[in-house]
There are 2 protein chains.
Amino acid sequence: MSARVRIKDIAEKVGVSTALVSYVMNGKEKEKRVGQDIVKKIREAAGELNYQPNRIAQSLRTGSTKTIGLIVADIAIPFFGQLARVIEDEASKNGFTVIIGSSDEDAIKQGSLIDTFSYRQVDGLIIVPSDGTADQIAALVKQGMPLVLMDRYFPELETCHVCLDNYKASYEAVNHLISQGYQQITMIAYRSGMIHMHERIRGYREAMAAANFANYIKVLEVPYSFSRTETENSIEKCINGNKEIDALLFATNSLTTAGLNYINKMGIKVPDEIGIVGYDGNEAFDFFYAPITIVEQPLNEIGTKSVNTLISLMNDPDKIVRFDLSHSLNIRKSSR
Amino acid sequence: MSARVRIKDIAEKVGVSTALVSYVMNGKEKEKRVGQDIVKKIREAAGELNYQPNRIAQSLRTGSTKTIGLIVADIAIPFFGQLARVIEDEASKNGFTVIIGSSDEDAIKQGSLIDTFSYRQVDGLIIVPSDGTADQIAALVKQGMPLVLMDRYFPELETCHVCLDNYKASYEAVNHLISQGYQQITMIAYRSGMIHMHERIRGYREAMAAANFANYIKVLEVPYSFSRTETENSIEKCINGNKEIDALLFATNSLTTAGLNYINKMGIKVPDEIGIVGYDGNEAFDFFYAPITIVEQPLNEIGTKSVNTLISLMNDPDKIVRFDLSHSLNIRKSSR
DNA sequence: TTGAAAGCGTTACCAA
DNA sequence: TTGGTAACGCTTTCAA
């Protein structure tokens, strides 16, 4: 590697002190009243030598790394992949670099990611917290680490968050099904202590109750699993031969996928025999033989708001803001 | 933020110099022959004060950030998302942190990511290079930046790479179709100067020629686009009413998806009227009414090999190795 | 076996 | 306007 050019090299070449070079490189020549000709000389020398500041040294000196740590539940899930991309873009627009970690919904792994990131002196953290990690988050808050929770949060903690208004989303999803004539709507969710799941379920329950279908309320909580087969089996056990279900509300994309596979297999007819609404669409649904209604999250908004909230938090640590954004109910048309 | 504990705080507490603390924290107490009791005291003090070393200071001093920069073509594509996850895991096992960037197949964006990463003094780079960026890569090589290209490479450059053996994959995909009785096999690829596309096409051509179907060789090169509708239109133009096609080989996952949508729409029957093989599967295919044969890449191997190659390159900068890994031909069963 | 101190590349205070 | 220099927190050499 060709020896890196340092600020000192420029200073020597021009015949000034490192201080002046630093001022010029940081655009403070006006503020510090550096002479016009010297500014020009320094600029030229920097260009000739192809000077690149050393961020590490800057970070050590300034105490800021201009780095954001992002911990998502699973980077291999397109929803989080897309979110990561939006966040990276927005951060970069603001001069920040993002380091990404995938917790795989595992508290231990999340903890070690937090350690790694804090060891690396990130300026702030955006986290999609896993189940059972309220203590980790509380510890970060106590430390004073700038922090934005995304997609989920802990209501008992004083943190910023950017999430979907899950209650409203489920409520309206149920009403949509009802408006199509369905009544015996069952919800299929993951078993989880996290608020987003609870809110999705609560929205369902209250919408059902409001429509006087309280006696049809039925929630199947599937244990979280990376294996789709397992998830499908759980769903199968619930639906199989159950004549008292005429519609399904799936709480996540992976549950929808698993459920549709099962429905496909059994030859159950959508939408005649069963109505479907699922959270988060993907291109897979276009191959399904029938159109599927989905609860779509405002990805761009979630990502950009998370970044911007975090950045303002760095400047104003006590300003807690919370966003519960609105979904849209879209139809994923079948290409058949 | 509670004032960070420094090595100096421990030294003062124990009543020794910072050197000793540094030795102990880095596990060099044997090598440096530090007294047993002092080691113990330092350990205790570090524990009590909850000492966390400052990576930035370490990096500045040692010249190594223990960071890998990863640039993928598009982090929102599941293939790259999964790869990112594997890479992050493997890097972390080796004490490295990964910073990820998405070039969106854009040379300019890739260039600015390289700048950002090098500004951040990454110890090495894993890149999925975009079309037309050979000069960027050549510049990195010239600088002596440890570098591994992934998924694609530039044959004219002396770089390490970890890729699929795309030639072989296409060759065998064609033979698979032929063994099923298809003859008039058309390939649908992206228009690209990149080697992986060329190799996929070359494998197709040679397999066709070897089977004496040279006169059926037909390659449709679709311009790259983020819009699936555009891609579908291009495919439509090629297939529409063309009676001289009895099978299609799609060069990427997105092309397969677009193509299957078109086939769905037209009611063309798979596999009776047309045979299909596509690169990289995804769960969407399970919803397609017929089973689809896919060329599957060894994700884990690609990811881990890339990381390990990069790490050995850091220690031994002149050791250029190239991997062209084998695919497997799998059937994605329809759930119908 | 231990400690003092130089230095990594910057920034920013203070003095000139 | 400009320059000298201490400091950021750590590692590592050299001397004791």
Side-chain angles (χ1 to χ4, degrees), chain A residues 1-43 45-46 49-67 95 118-121 123, chain B residues 1-42 45-46 49-67 95 118-123:
Chain A
M1 179 131 31
S2 51
R4 285 195 76 102
V5 178
R6 296 153 306 155
I7 228 174
K8 204 178 155 203
D9 299 317
I10 301 181
E12 280 170 5
K13 178 160 179 156
V14 179
V16 295
S17 77
T18 60
L20 287 216
V21 181
S22 175
Y23 293 148
V24 175
M25 295 326 290
N26 291 302
K28 295 192 182 166
E29 64 269 16
K30 288 271 183 300
E31 188 187 326
K32 295 292 178 179
R33 305 150 163 280
V34 182
Q36 290 285 322
D37 45 339
I38 294 205
V39 171
K40 209 178 138 203
K41 274 192 201 158
I42 291 177
R43 286 256 161 71
L49 298 175
N50 187 26
Y51 171 70
Q52 299 281 106
N54 182 327
R55 250 255 147 246
I56 301 301
Q58 287 180 327
S59 297
L60 180 60
R61 178 63 232 228
T62 61
S64 154
T65 53
K66 286 292 216 170
T67 302
S118 110
Y119 173 42
R120 302 232 162 212
Q121 333 288 132
D123 289 342
Chain B
M1 180 131 31
S2 52
R4 285 195 76 102
V5 179
R6 297 153 308 154
I7 228 173
K8 202 178 157 205
D9 299 317
I10 301 181
E12 279 171 5
K13 178 160 179 159
V14 179
V16 294
S17 76
T18 59
L20 289 211
V21 181
S22 174
Y23 294 150
V24 174
M25 295 325 290
N26 292 303
K28 296 193 181 164
E29 64 269 17
K30 288 269 183 302
E31 188 187 324
K32 296 292 177 176
R33 303 151 165 281
V34 182
Q36 290 286 321
D37 44 339
I38 293 203
V39 171
K40 210 177 136 203
K41 274 192 202 160
I42 290 176
L49 297 175
N50 187 26
Y51 171 70
Q52 298 281 105
N54 181 327
R55 249 256 146 245
I56 301 301
Q58 287 179 328
S59 296
L60 181 59
R61 179 61 230 227
T62 61
S64 154
T65 53
K66 286 291 216 171
T67 302
S118 108
Y119 175 43
R120 303 235 162 209
Q121 335 288 134
V122 294
D123 289 343

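Per chain, numbering begins at 1; letters A, B, ... match sequence-line order.
- Atom CG of A:Leu60 and atom C1' of C:dG7 are 12 Å apart (whole Å).
- In this structure, the side-chain hydrogen bond (donor to acceptor under 3.5 Å, both in side chains) partners of B:Gln58, at least two apart in sequence or on a different chain, are A:Tyr119.
- Scanning for side-chain contact (heavy atoms from CB on, under 4.5 Å) contacts around A:Glu12 gives A:Lys8, with sequence neighbours left out.
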Side-chain donor-acceptor pairs of residues 13-25 of chain A under 3.5 Å, sequence neighbours excluded:
from	atom 1	to	atom 2	distance (Å)
A:Lys13	NZ	A:Glu48	OE1	2.7
A:Ser17	OG	A:Ala19	N	3.3
A:Ser22	OG	A:Asn26	ND2	3.4

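- Within the structure, the salt bridge (Lys or Arg N to Asp or Glu O under 4.0 Å) test picks out the following pairs touching residues 22-31 of chain B (sequence neighbours left out): B:Glu29-B:Arg43.
- For the contact set between residues 34-43 of chain A and DNA chain D, defined by any heavy atom under 4.0 Å, the members are A:Val34, A:Gly35, A:Ile38.
- If you check distances only, the side chain of A:Arg61 never reaches the base of C:dT10 with a donor-acceptor pair under 3.5 Å.
- Of all the heavy atoms in A:Leu49 and A:Val5, the pair that sits closest is O-CG2, 3.2 Å.
- Contact detail for B:Gln121 and A:Ile56: the closest heavy-atom pair is CG-CG1, 3.3 Å.
- Interface residues of residues 24-33 of chain B facing DNA chain D, ordered by number: B:Asn26, B:Lys28, B:Lys32; criterion, heavy-atom separation under 4.0 Å.
- Rounded to 10 degrees, the angle separating the terminal axes of the helix from C:dT1-D:dA16 to C:dA16-D:dT1 is 50°, with each axis obtained from five end pairs.
- Taking the side-chain contact (heavy atoms from CB on, under 4.5 Å) definition, one finds that B:Lys40 meets it with B:Glu44, sequence neighbours left out.
- You can see that DNA chain D meets the heavy atoms of chain A within a 4.0 Å-exclusive cut from D:dT1 to D:dG9, reading 5' to 3'.
- If you take CZ of A:Arg4 and P of C:dG9, they are 9 Å apart, rounded to a whole angstrom.
- For the segment residues 6-15 of chain B, the set of residues with a heavy atom within less than 4.0 Å of an atom of DNA chain C comprises B:Gly15, in numerical order.
- Distances were taken from every side-chain heavy atom of B:Ala19 (C-beta onward) to each of C:dC8, C:dA12, C:dA5; the shortest belongs to C:dA5.
- Residue A:Leu49 contributes atom CG, which lies 15 Å from atom C1' of C:dG9 at whole-angstrom precision.
- Taking A:Ser64 as the reference, A:Asp123 meet the side-chain hydrogen bond (donor to acceptor under 3.5 Å, both in side chains) condition, with sequence neighbours excluded.
- Heavy atoms of B:Ser59 sit nowhere under 4.0 angstrom from any nucleic acid atom.
- Judged by distance alone, the side chain of B:Arg120 and the main-chain N or O of A:Thr65 form a donor-acceptor pair under 3.5 Å.
- A:Lys41 has its side chain out of reach of A:Ile38: every pair of non-hydrogen atoms, C-beta onward, lies at least 4.5 Å apart.
- Note on A:Gln58: every side-chain N or O is 4.0 Å or more away from OP1 and OP2 of C:dG9.
- Annotation: salt bridge (Lys or Arg N to Asp or Glu O under 4.0 Å) contacts involving residues 54-66 of chain A, sequence neighbours excluded, are absent.
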